[in-house]
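Report on the following structure.
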Number of protein chains: 2
Amino acid sequence: MKMGRPREFCVDKALDAALEVFWRKGFEAASLTDLTDAMGINRPSLYGAFGNKEELFRKALDRYVSEKVKYLSEALAAPDAYGFAERMLMGAAAMMTDPSHPVGCLAIKGMATCSDHTGVVREELDKVKTNYEAAMLGRLTALRDAGEFPADTDLQGLMRYLTTVVQGMAIQASNGASCADLRQVGQTALKAWPAKKGVPASA
Amino acid sequence: MKMGRPREFCVDKALDAALEVFWRKGFEAASLTDLTDAMGINRPSLYGAFGNKEELFRKALDRYVSEKVKYLSEALAAPDAYGFAERMLMGAAAMMTDPSHPVGCLAIKGMATCSDHTGVVREELDKVKTNYEAAMLGRLTALRDAGEFPADTDLQGLMRYLTTVVQGMAIQASNGASCADLRQVGQTALKAWPAKKGVPASA
DNA sequence: CCATATTTGTACCGATCGGTATGAATTATG
DNA sequence: CATAATTCATACCGATCGGTACAAATATGG
C-alpha cells in the first residue's frame with residue numbers, strides 16, 4: 001500500500017469534469033478556477049495529480065479521443081467505402097449533439113482556438129489530427145486496393161472533403177444545430193461521395 | 001477645423017492592423033499589447049479612437065465583412081443556383097488562403113472561440129451569421145421560385161450544407177491547407193449540389 | 001509512538017489582463 | 001499671447017491568470 005495521506009477524490013471523475021470544462025470553454029478560456037470548481041478539488045491537488053494545465057488538457061484529450069470519438073474507429077471498420085463515409089458523417093452528427101456532453105468537438109474547437117499558439121496543446125492536437133488522417137487514408141487506400149475506387153482516385157482529396165465536412169459540423173453544432181440538422185448535412189455530403197459499389201451513380 | 005492636437009496616426013490603417021491581429025489570434029487571445037504594437041499606437045490612443053477592445057473588434061469585424069467577404073455578395077449575384085454554390089465555395093477557398101492577409105475566417109474562428117462567451121463579440125458574430133444566412137436563404141428562395149429547384153426542395157438544408165463546408169474550409173485553411181486543397185474540396189462538395197439547370201445529374 | 005510520505009487547504013507569488021488617471025504636447029479659437 | 005480642446009506618452013489601477021510555498025492533516029513502515 002502507498003504511504004501518506006490518501007487521495008480524497010476520484011482521478012477519473014476529476015478528469016471527466018476537466019474534459020467537460022475544456023470541451024465547453026476551450027483550453028485557454030478554461031481557467032484553473034473553472035477547472036478546480038468543476039473537478040471539486042483545489043489547485044495543489046490538481047497540480048499533484050495531473051502536473052499542470054497543459055498536462056491536464058493532454059490527459060483530457062487522450063480521454064476524449066478514446067471515449068468520445070469512437071465513431072471514427074467504427075467508420076474505419078466499415079466494410080465498404082460508402083459505409084465508411086456514412087458512419088463517419090452520421091457518427092459525427094450524433095456525437096457532436098449528444099446532450100450528455102458539450103456540443104461540437106474538443107479537438108476541432110481547440111485547433112480553431114490556438115492556431116497561432118505554439119506549445120504542448122497545439123502539438124498534441126496536431127498529433128491527434130495526424131493520426132486520424134493517417135488512419136483514414138490507410139483505410140481508403142485499402143478500400144481502393146480492394147477495388148472500391150478507381151486506381152487513380154485522389155484519396156487524399158476524398159479524405160480532406162470528409163474531414164472538412166466533419167469540421168464544419170463541429171462549428172454548426174457549437175452554434176446550436178440539432179442532430180437532425182447535422183444528419184441532413186451528412187446526407188447531402190454523401191451525395192458527393194463515390195456511389196456504393198455496383199450501384200450506378202445518380203442523385 | 002477641429003480644435004486640439006491632431007491625431008498622429010491613420011484610423012483606417014490602425015483598424016486594418018487590428019483586424020489582422022484579431023484574425024490571426026482571435027478576440028480573446030489578442031491582447032491590448034498585441035494590438036497597440038501592431039497598430040503603432042499606445043493604449044490611450046486606441047481607447048480614444050475606438051472605445052474599448054470589444055468596440056475595436058466590432059469595427060474590425062465590420063471592416064472584415066465589407067472588405068474581405070466580398071465573395072458572398074458575388075455568389076449572391078450569380079444568375080443560377082449552381083453558380084451561386086460554385087462562387088461561394090471557390091470564393092471562400094481563394095479568400096481564406098490569400099497570402100495578403102491571415103488564413104481562415106475571422107468570423108468562423110470567432111464563433112468557434114467564444115461559443116460559451118456571452119457579450120458584445122458573440123452578439124455581433126451572431127448578427128453577421130444571421131444576416132448572411134438570411135441573404136443566402138433569400139437568394140435560394142428566389143432561385144427556386146425561378147424554377148431552379150423543385151418546389152419541395154429543402155432550401156434551409158442546402159444552405160446549411162454550403163455553410164458547413166465553408167466553415168470546415170476555414171478550419172482547413174487555419175491548419176495550413178492550400179488554395180488548391182480547398183478548391184478541390186469545393187469541387188467535391190459541388191457534386192452534392194443540384195446539377196446545373198438542364199444538365200442531367202451525374203458524377 | 002516516531003519518522004516518513006503524501007494530500008489538502010490557505011494564502012500567496014510574479015506576470016499579464018483590460019482599462020485609465022495624469023500631465024505634457026500640439027492644435028484652433030479669441 | 002492666453003485659453004480651450006484634443007492627443008500622446010508614461011505610469012499606474014484592480015482583477016485575474018497559471019503556478020506554488022507552507023503547514024496542518026492523514027496515511028504507512030518501523
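Naming convention: chains lettered A, B, ... in sequence-line order (proteins, then strands); numbering from 1 in each chain. Scope of the values below: all heavy atoms of this structure, side chains included, with no hydrogens, waters or symmetry mates.
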Can you tell me if [X] touches the phosphate of [N], counting only side-chain N or O atoms and a distance under 4.0 Å to OP1 or OP2?
X	N	value
B:Arg43	C:dG19	no
B:Tyr47	C:dT20	yes
A:Asn42	C:dG9	yes

If the threshold is 4.0 Å, N to carboxylate O, is there a salt bridge linking A:Glu54 and A:Arg58?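 Judged by the 4.0 Å cut-off on N to carboxylate O distance, A:Glu54 and A:Arg58 do not form a salt bridge.
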
Could you list the protein-to-nucleotides 22-25 of chain C atom pairs, N/O on both sides, closer than 3.5 Å?
residue: C:dA25; atom: N3; partner: B:Arg5; partner atom: NH1; Å: 3.3

Earliest and latest nucleotide of DNA chain D, 5' to 3', sitting under 4.0 Å from a non-hydrogen atom of chain A? D:dC17 to D:dG29

Which donor-acceptor pairs under 3.5 Å do side chains of residues 8-17 of chain A form with protein atoms, sequence neighbours excluded?
residue: A:Glu8; atom: OE2; partner: A:Arg5; partner atom: NH2; Å: 2.9
residue: A:Asp16; atom: OD1; partner: A:Arg63; partner atom: NE; Å: 2.5

Residue met sooner reading DNA chain C from 5', once A:Glu8 and B:Gly4 are mapped to nucleotides: A:Glu8

State which residues pass side chain to side chain contact (heavy atoms under 4.5 Å, CB included) with [X]; sequence neighbours excluded, sorted by chain then number.
X	answer
B:Val69	B:Tyr64, B:Tyr71, B:Leu72, B:Tyr132
A:Asp37	A:Thr33
B:Asn131	B:Lys127
B:Ala81	B:Leu143, B:Glu148, B:Phe149, B:Trp193

Under the salt bridge (Lys or Arg N to Asp or Glu O under 4.0 Å) definition, can you give me all pairs with a residue in residues 162-180 of chain A, not counting sequence neighbours?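 Found none.
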
Could you state the atom-to-atom distance from NZ of B:Lys53 to P of C:dT20 in whole Å? 14 Å

Whole-Å distance separating the CG atom of B:Leu35 from the C1' atom of C:dG19: 13 Å

How is A:Ala30 classified with respect to the nucleic acid when contacts are heavy atoms under 4.0 Å: base, sugar-phosphate, or nothing? sugar-phosphate

Kindly write out the residues that satisfy ring-ring contact (aromatic ring centres under 6.0 Å, His included) with B:Phe84, not counting sequence neighbours, or none if the list is empty.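 Counting only residues at least two positions away or on another chain, B:Phe84 forms no ring-ring contact (aromatic ring centres under 6.0 Å, His included).
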
